[in-house]
Every structure is written in structure tokens, then in C-alpha cells.
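Naming: A, B, ... by sequence-line order, numbering from 1 per chain. Values reported hereafter were calculated over all heavy atoms of this structure, with side chains retained and with hydrogens, waters and symmetry mates removed. These numbers were taken from a predicted model, which means no experiment stands behind them.
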Amino acid sequence: MSFSARILDWYHDHKRALPWRETKNPYIIWLSEIILQQTRVEQGTPYFFKFVEEYPNVTKFAAAEQESILRLWQGLGYYSRARNMHKAAKQVVDLYDGIFPTHYKDLLSLPGVGEYTAAAIASFAENHAHAVLDGNVFRVLSRYFGIEEPINSTAGKKLFSKLADELLDRVHPGEYNQAMMDFGAMQCKPKNPDCSICPLQVDCVAYGKGLQAELPKKLKGKKSRNRYFHYFVLERDGEVMMSQRPEGDVWTNLFEFPMLETSEMQSHIELQASAAFRDTFGDAQLRPIVGMQKHVLSHQNIYASFYKLENIDTDIAKNSNWNYYLLENLDKLAKHKLISSFVERYF
DNA sequence: AACTCGGGGTC
DNA sequence: GACCCAGAGTT
């Protein structure tokens, strides 16, 4: 039996019932694919339902305020996905008359749609013959063929891409693509794959050599850097000061409290005496309310402290992009995890 | 080719 | 603590 026949056979018995598999609507498939980028199915599923309900078609998505989209995206991470989705939706309305494209090249031209997502939408919606290449497929191919070339090297990407295309079932591309991903997610798992009951066992190079734990190979990235964020809670009769993150850094456009960043750890005494603090807040009094907590991101460790600020100059907001918001309206603002969990606990 | 962009789960 | 997740965009 051929490779693809075995994969499809396995899929027939083990297929996951996922909500976005019940449609051929490319817009709905697009929603699910963007949400699931670098995101587990269990984490993304509730967001998928929220987005389908709030934006049932691409026209409504395009007409939405970006603030609303970001707010609905809150907590999912990689927020550029949400901003790119808004751009892509507008592009579909403007360039494709609101008809969501299904051809690979058209899909690739949409912001936030790369090779994986374009292949997924094209094959799932209309059975176009493009092989998907995600973390699952990399792992399955690397182990089955015993490929030691790192999956994130340039040579590796080329090699695996060619291989994936050669193996693609040209008669059932959509189903085959789904099957490969389910197989990687459920059977050929990163840790402790179930090789004893694997239909590919006899021909799997990694199994034969006992290399399952070594493959796939991956080039290691840079280590995380440490950053120290100091958040200031400025409250006045039912309102609190909020600020928006700048572009070019983590959490672009999301709301948070006014803050100062230091490159080293600092006590609240040192902070209060620092030039940076006095430049902005003058003689205001700093009172710690939540001690330093570590927030881990992909490429940085953020150590965040929260302080209450008292006796501040009433004109402090004049020269900045800060604004007071009613506490009851905080829920409407898109906030990153550090701030949303603080707001839940504190207010 | 290297870096950056989140948050959460698993081992 | 290290690695991974239905990756993509920028430099």
C-alpha cells in the first residue's frame, strides 16, 4: 500500500471531528486557519466560535472596527494575526468583490496568509492540489524518511516542501492534508509517539533506528532577553489611566497602564528616585501593590511590577497619549494578558 | 538567514 | 527549563 493510502486509511478510523471541517466555505476555513497558527486546537476552538458568530462573513469582518477584532482576539497571542486578518478582509472586499478566493496564488497575496495557510484553504475548500507543511507534517516526514536536515533551515524547508508535494494524494488533496496533520497530532506526536500501533512502523526509518526522539532536528534560536516593566495605576473617581502600546514592540496597539521599562531589576525606592520616573511623574508617590511577576513570551521574559501612584500632578495626562477610562468600560479595551489578569484581580 | 511576534500545554 | 503548537512578516 502507498504512503498516502496508509495515511488516508488511518485517517478513516481516527479522524477528529473539528467544527471547521463541516464546511467548504473558504472564509470560515480562513478564520480557523489563522486562529490555529501556532495555536493548539483546544486553545483556538472557543475563539473560532466567537469569531464565526460575531463576523459570519467576510463583508462583516471587513466592516468591523479593528479595536473590536483585537478585543475578540484578546488572550490568543500573536496579535498581528488579528490586524492582518482585518487587512485581508478589506482586500477581499475591494479586490474580489467580497468573494473569498480559493486559488493558491490569490490566497498567498492576502496579509497573514503564507504557504501553509494558502495550501490549507485551497485544498480544504476546493481540493486544489497543494500540500500543507506545518509542524505535524514536518515531524511525520522527518521521522518516516529519517531526514536529519533541520526543518527550519533553508535547505530543510526546500527539501521537505518538495517531498510533501511528491507525496500529496492528487485525487484527495484536502483529505490527505487533513490526514497528515491529524496523524502528526495524534499518532506521530512530538513526545512518546505510539509507534507500537503505528501503520507506518515497518517502513519508518526513525522507528527502525530508534531515532523518534531525535527527529525532527531543529536549529536552536536565540535565548530570551529579560525586560523589567513597571506599571502605574493612576486612579481618580471611578476612572483609571490607560495607554496604548506603540508599534515595533510586543503587543502593538493593545491597552495597558502607563509604564516605565528598565533594563535591570529595580526596587520601588530606586525607581521613584530615578530620572526617568521623575521626568514623567515628578514628586508623585509610588506604592507597590503587586510584586514582581514573571511573564514568559517566545523571545523575552518580562518581569512586571504594579504600583499605585498617588498625589500626582493633575495635568499629567496633558502631554501624552494617555487617557482616563471609566472602570466599567475597561472590559471593552483589548488588553494583553499581563493587564487583563491584573484588571480581573484588582478591580 | 536570523529575528520577532503570545499564550498555554506537556514532559 | 526546554520544546511544541493547523506560521507569517520583517530586516
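For the pair A/Asn84 and A/Val41, both in contact range of DNA chain C, the more 5′-proximal nearest nucleotide belongs to A/Val41. Comparing A/Gly248 and A/Asn192 by the nucleotide of DNA chain B whose heavy atom lies nearest to each, the residue mapping closer to the 5' end is A/Gly248. Projected onto DNA chain B by closest heavy-atom contact, A/Lys157 and A/Thr252 fall at different nucleotides, the more 5' of which corresponds to A/Lys157. Toward the 5′ end of DNA chain C lies the nearest nucleotide of A/Pro190, the other residue of the pair A/Pro190 and A/Glu115 mapping further downstream.
Nearest nucleotide to the A/Leu36 side chain, out of C/dC5, C/dA6, C/dA8: C/dA6. Of all nucleotides listed (B/dG7, C/dG1, C/dA8), C/dG1 comes nearest to the side chain of A/Lys294. Closest to the side chain of A/Arg40, out of C/dA6, B/dG7, B/dG8, is B/dG8. Listed candidates were C/dG7, C/dC3, B/dT4. Nearest to the side chain of A/His299 is B/dT4. Taking every side-chain heavy atom of A/Arg81 into account, B/dG6 is the closest of B/dG6, B/dC5, C/dC5. Comparing C/dC3, C/dG7, C/dA6 against the side chain of A/Thr117 picks out C/dG7 as the nearest. Nearest nucleotide to the A/Lys218 side chain, out of C/dC4, B/dG6, C/dA6: C/dC4. Nearest to the side chain of A/Lys337, among C/dC4, B/dG7, B/dG6, sits B/dG7.
At the heavy-atom level, A/Asn177 lies nowhere under 4.0 Å from the strands shown. At the heavy-atom level, A/Ile35 lies nowhere under 4.0 Å from the strands shown. At a threshold of 4.0 angstrom between heavy atoms, the contacts of A/Trp20 include nucleobase atoms, whether or not backbone atoms are also involved. A/Leu76 comes within contact range of at least one nucleobase, with a heavy-atom separation under 4.0 Å. Residue contacts for A/Val113: at a heavy-atom cut-off of 4.0 Å it reaches the sugar-phosphate backbone alone, with no base atom in range. A/Thr39 comes within contact range of at least one nucleobase, with a heavy-atom separation under 4.0 Å. Using a 4.0 Å heavy-atom cutoff across all strands shown, A/Glu42 reaches no nucleic acid atom at all. Counting non-hydrogen atoms under 4.0 angstrom, A/Gly75 reaches the backbone sugars and phosphates but no base.
Between A/Lys222 and B/dT4 there is a side-chain N or O to OP1 or OP2 distance below 4.0 Å. For the pair A/Gln74 and B/dG6, the criterion of a side-chain N or O lying under 4.0 Å from OP1 or OP2 is not met. In terms of phosphate contacts, A/Lys220 brings a side-chain nitrogen or oxygen within less than 4.0 Å of OP1 or OP2 of C/dC3. For the pair A/Gln38 and C/dG7, the criterion of a side-chain N or O lying under 4.0 Å from OP1 or OP2 is met. Phosphate contact (OP1/OP2 of B/dG7, side-chain N/O of A/His295, threshold under 4.0 Å): present. Between A/Tyr78 and the phosphate of B/dT4, there is no side-chain N or O to OP1/OP2 separation shorter than 4.0 Å. Residue A/Trp251 places at least one side-chain N or O closer than 4.0 Å to OP1 or OP2 of B/dG7. Phosphate contact (OP1/OP2 of C/dC5, side-chain N/O of A/Arg139, threshold under 4.0 Å): present.
In this structure, CG of A/Asn152 is placed 15 Å from C1' of B/dT4, rounded to the nearest angstrom. In this structure, the CZ atom of A/Arg16 is 12 Å from the P atom of C/dC5, given to the nearest Å. Spacing between atom CG of A/Leu133 and atom P of C/dG7 amounts to 10 Å, rounded to whole angstrom units. In this structure, the NZ atom of A/Lys217 is 15 Å from the C1' atom of C/dC3, given to the nearest Å. In this structure, A/Gln37 atom CD and C/dC4 atom P are separated by 19 Å, rounded to whole Å. Separating the CG atom of A/Asn136 from the P atom of C/dC3 is a distance of 18 Å, rounded to the nearest angstrom. Rounded to whole Å, atom C1' of B/dT4 lies 13 Å from atom CD1 of A/Ile302. Rounded to whole Å, atom C1' of B/dT4 lies 15 Å from atom CD of A/Glu247.
Taking a 6.0 Å sphere around CG of A/Asp13, one finds it holds more than 12 heavy atoms contributed by other residues, nucleotides or ligands. The neighbour count for A/Lys189 NZ, taken as heavy atoms of other residues, nucleotides or ligands under 6.0 Å away, is above 12.
For A/Ser298 and B/dG6, a side-chain-to-base donor-acceptor distance below 3.5 Å is present, hydrogens and geometry of angles not being considered.
Using a cut-off of 4.0 Å between Lys/Arg side-chain N and Asp/Glu carboxylate O, A/Lys335 and A/Glu256 are scored as not salt-bridged.
At distances below 3.5 Å, at least one donor-acceptor pair connects side-chain atoms of A/Asp134 with backbone N or O atoms of A/Val137.
Here A/Lys162 contributes atom NZ and A/Leu133 contributes atom CG; the two are 14.0 Å apart, rounded to the nearest 0.5 Å.
Side-chain rings of A/Tyr207 and A/Tyr144 stay apart, their centers remaining 6.0 Å or farther from each other.
In terms of hydrophobic clustering, with Ile, Leu, Val, Met, Phe, Trp and Tyr side chains grouped at heavy-atom distances under 4.5 Å, A/Leu200 and A/Leu215 are assigned to different clusters.
Look at the C1' atom in both B/dC3 and C/dA6: the space between them is 23 Å, to the nearest Å. The same atom, P, is picked in B/dG6 and in C/dT11; the two are 15 Å apart, to the nearest Å.
The aromatic rings of A/His295 and A/Trp251 lie tilted to each other, with the angle between the two planes from 30° to 60°.
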